[in-house]
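A short write-up of the structure that comes next.
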Amino acid sequence: LAKTTQPISMDSYEGQEVNITCSHNNIATNDYITWYQQFPSQGPRFIIQGYKTKVTNEVASLFIPADRKSSTLSLPRVSLSDTAVYYCLVGAENTGFQKLVFGTGTRLLVSP
Amino acid sequence: DTAVSQTPKYLVTQMGNDKSIKCEQNLGHDTMYWYKQDSKKFLKIMFSYNNKELIINETVPNRFSPKSPDKAHLNLHINSLELGDSAVYFCASSQETAGGYGYTFGSGTRLTVV
């Protein structure tokens with residue numbers, strides 16, 4: 001299983017762009033990179049997933065360099081409601097992600 | 001029309017009791033899971049069922065017994081509850097060929113053993 005490493009915590013202010021980087025040096029060829037968001041007292045929620053290059057949706061962008069050993073979740077213009085824990089996971093789509101392992105996550109605090 | 005629903009949301013019980021948590025998903029997913037999130041917020045997989053068959057059992061004490069009557073339901077029964085079982089338990093589901101959307105989680109059951 002590919003292990004992931006991400007910062008324990010980050011602080012930001014409303015309106016700023018936040019970039020959270022995750023290292024996954026042992027990523028396998030068929031692994032996808034997925035990011036989840038967890039608010040207090042709620043289950044994790046899927047944000048974005050990618051395999052290589054760049055993926056963008058209405059919530060975030062995911063940048064993956066050519067070697068795929070890291071990835072960066074970019075949250076444009078954060079608001080107070082983006083305060084949450086963000087998890088980076090690496091796993092294989094063709095196994096239904098059955099062996100996804102959640103790391104410690106990055107606790108993002110957005111202040112006014 | 002909640003995608004993954006689990007009940008109860010809160011459960012307070014005494015040591016030694018037996019309790020159950022229920023989970024249902026209406027997404028048509030093939031695979032369901034139970035995760036445990038402890039006080040340090042680590043989220044660890046406990047069990048995974050695919051089409052009612054157990055496929056992952058991550059060294060969980062046999063006091064924990066999952067049961068899947070059909071692929072839309074995965075219940076968790078816990079015997080002889082201990083203080084260390086206090087945690088938030090999350091049910092989740094995924095599709096074998098997820099098409100890029102990974103897991104869908106329920107809102108959790110906070111279990112407190114006193």
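Every chain is numbered from 1 and lettered A, B, ... according to where its sequence line falls, protein lines coming before strand lines. Computed from a predicted model, the values in this text were never measured in an experiment.
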Which answer fits B:Gln37, side chain, backbone, both or neither, if we ask what part of it has an atom under 4.5 Å from a heavy atom of chain A? side chain

Check whether B:Lys9 gets within reach of chain A through its side chain, its backbone, both or neither, counting any heavy atom under 4.5 Å. side chain

In terms of hydrophobic clustering (I, L, V, M, F, W, Y; side-chain heavy atoms under 4.5 Å; direct or indirect links), are [X] and [Y] co-clustered?
X       : Y       : value
B:Phe47 : B:Tyr33 : no
A:Phe39 : A:Val85 : no
A:Tyr36 : B:Tyr35 : yes
B:Ile45 : B:Ile78 : no
B:Leu43 : B:Phe64 : no

Aromatic rings B:Tyr103 and A:Phe102: how do their planes relate, parallel, tilted or perpendicular, breaks at 30° and 60°? tilted

Applying salt bridge (charged side-chain N to carboxylate O under 4.0 Å, His left out), which residue pairs with at least one partner in residues 39-60 of chain A are found, sequence neighbours left out? none

Residues of residues 105-114 of chain B within contact distance of chain A, non-hydrogen under 4.5 Å: B:Phe105, B:Gly106, B:Ser107, B:Arg110

Are there residues of residues 83-92 of chain B whose heavy atoms fall under 4.5 Å of chain A's heavy atoms? If so, which? B:Phe90

Nearest heavy-atom pair of A:Thr104 and B:Phe42: which atoms, and what distance? CG2-CE2, 3.1 Å

Sort A:Tyr51 into side chain, backbone, both or neither according to what part of it lies under 4.5 angstrom from a heavy atom of chain B. neither

Atom NZ of B:Lys22: over 12 foreign heavy atoms under 6.0 Å: no

Answer yes or no: does atom OH of A:Tyr13 have more than 12 heavy-atom neighbours from other residues, nucleotides or ligands under 6.0 Å? no

Using the test salt bridge (charged side-chain N to carboxylate O under 4.0 Å, His left out), find all partners of B:Glu82 that sit at least two apart in sequence or belong to another chain. B:Arg63

